[in-house]
A.B. asks: 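Please find one structure pasted underneath; my questions will follow.
What you see is a predicted model; the values in this text were computed from it and never measured. Protein chains get the first letters and strands the later ones, always in sequence-line order, with residue 1 at the start of each.
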Amino acid sequence: MKIATFNVNGINGRLAVLLRWLEEARPDAVCLQELKAPDARFPIRAIEQAGYGAIWHGQKSWNGVAILALGREPIETRRGLPGDPDDEQARYIEAAVEGLLIGCLYLPNGNPAPGAKFDAKRRWFARLAAHAAELLALDVPVILAGDYNVMPTELDVYKPERWVDDALFRPEVRAAFHALIAQGWTDALRARHPDARLYTFWDYLRHAFARDAGLRLDHLLLSPKLAPRLSAAGVDRAVRSWEKASDHAPAWIELAPARAARRRKPAG
DNA sequence: ATGTCGTTTTGTAAACGA
């Protein structure tokens, strides 16, 4: 089973890119972020014609998240992150797909830092951690995928010293990410590629992609029940080079069938 | 600072957020 996350940066402006990638990659489930469209303008017909069922949580101009499932309808379990009734930004949606609970998230950018936006990012992160802990307590297979707007370590930044004061890399935000991991989650791409420079985002400015001046911002976190099934992970870098590309590339994982996880190798 | 996208609108150019 292949599961991907992709910040599309405008689902209507990038529809041709999304459809081409769906056709080529054929992921079984997809988390999308930055739809930048209200619910009524989600291109559900084109998505269905590509073979996918979908649920979405849209918003005019900004944010917006969706979950796609190949050949089936995702069963929505949550819309919006709990913990703040005044939060009206469309940044979280959750669904059951093929026995898997999938949380799709778009964490606030938080710039400029310090400031009100940075404080809001930290509060949203705290709410995510609280909800993530509740998901772990369910003791079911869970994946939390999306644009976390965090580079977890220096290996995830083309030039770390330039980013130390940025909301995407400040110590408070990295600490929040590592505290989340410490709950028991597995950062799937890093688990499969411990030493590789893997980026999922390249700025439109200053020919960042041509220079490979990238950041790893998009992450797939696996619950303990799911982590043993991780068989492959990667980034579809080429998508970033396509015409009218998003500034993010899709990140993906492959999971072995559930029964394979029960086979244990002898210790040692 | 740089400078590039998609989006929206007291709209076809400028602002905003990323």
A.B. asks: Is the A:Trp56 ring parallel, tilted or perpendicular to the A:Phe42 ring (thresholds 30°, 60°)?
C.D. replies: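 Answer is parallel, since the angle falls under 30°.
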
A.B. asks: Anything under 3.5 Å between a protein N or O and an N or O of nucleotides 16-18 of chain B, put it in a table, one pair a line.
C.D. replies:
none

A.B. asks: Between B:dT8 and B:dG3, how far apart are the two P atoms, rounded to whole Å?
C.D. replies: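 Their P atoms lie roughly 27 Å apart.
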
A.B. asks: Verify the cluster assignment for A:Leu217 and A:Leu105: are they in a single hydrophobic cluster under the rule of side-chain heavy atoms below 4.5 Å apart?
C.D. replies: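 Looking at the clustering, A:Leu105 is in a separate group from A:Leu217.
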
A.B. asks: Determine, step by step, whether A:Tyr158 and A:Tyr199 satisfy the ring-ring contact (aromatic ring centres under 6.0 Å, His included) criterion, reporting the C-alpha distance in whole Å, the side-chain angles of both residues, the deciding distance to 0.1 Å, and the verdict.
C.D. replies: CA-CA 9 Å; A:Tyr158 67 97; A:Tyr199 302 137; 7.1 Å; no

A.B. asks: Is there a donor-acceptor pair under 3.5 Å between the side chain of A:Lys121 and the backbone N or O of A:Ala167?
C.D. replies: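 Confirmed, A:Lys121 side chain pairs with A:Ala167 backbone.
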
A.B. asks: Considering only atom C1', compute the distance from B:dC5 to B:dT10 and round it to an integer number of Å.
C.D. replies: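 Straight-line distance between the two C1' atoms is 25 Å.
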
A.B. asks: Work out how far the P atom of B:dT2 is from that of B:dG6, and round it to whole angstrom.
C.D. replies: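 Nearest-Å result for B:dT2 against B:dG6 at atom P: 22 Å.
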
A.B. asks: Hey, which of A:Thr5, A:Asp147, A:Asn7 is the one that makes side-chain hydrogen bond (donor to acceptor under 3.5 Å, both in side chains) with A:Gln33?
C.D. replies: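 Looking at A:Thr5, A:Asp147, A:Asn7, the match for A:Gln33 under the side-chain hydrogen bond (donor to acceptor under 3.5 Å, both in side chains) is A:Thr5.
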
A.B. asks: Go through B:dA1, B:dT8, B:dT7 for me and flag the one nearest to the A:Asn12 side chain.
C.D. replies: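 The listed nucleotide nearest to A:Asn12's side chain is B:dT7.
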
A.B. asks: If we take the C1' atom in both B:dT12 and B:dA1, what is their distance in whole Å?
C.D. replies: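 Comparing C1' positions in B:dT12 and B:dA1 gives a spacing of 30 Å.
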
A.B. asks: For A:Ser61 and A:His207, take the nucleotide of DNA chain B holding the closest heavy atom to each; which residue's nucleotide lies nearer the 5' end?
C.D. replies: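 Of the two residues, A:His207 wins.
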
A.B. asks: OP1 or OP2 of B:dG6 sitting under 4.0 Å from any side-chain N/O of A:Arg14?
C.D. replies: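 Affirmative; the distance criterion is met.
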
A.B. asks: In whole angstrom, give the distance that lies between atom CG of A:Leu18 and atom P of B:dG6.
C.D. replies: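 These atoms are roughly 15 Å apart.
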
A.B. asks: Indicate syn or anti for B:dT10, taking the glycosidic torsion and treating anything within 90° of 0 as syn.
C.D. replies: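 Anti, angle beyond 90° from zero.
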
A.B. asks: Is any side-chain N of the basic residue among A:Arg190 and A:Asp195 closer than 4.0 Å to the acidic one's carboxylate O?
C.D. replies: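 Not counted as a salt bridge, because no side-chain N and carboxylate O are separated by less than 4.0 Å.
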
A.B. asks: What is the separation between atom CZ on A:Arg211 and atom C1' on B:dT2, rounded to the nearest whole Å?
C.D. replies: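 Taking atom C1' of B:dT2 as the reference, CZ of A:Arg211 is at 10 Å.
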
A.B. asks: Can a salt bridge be assigned to the pair A:Asp156 and A:Arg174 using a cut-off of 4.0 Å between side-chain N and carboxylate O?
C.D. replies: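 Salt bridge: no.
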
A.B. asks: Describe the nucleic acid contact of A:Arg41 in one word from base, sugar-phosphate, nothing, applying a heavy-atom distance below 4.0 Å.
C.D. replies: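 Sugar-phosphate: the residue A:Arg41, judged by heavy atoms under 4.0 Å, touches backbone atoms but no base.
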
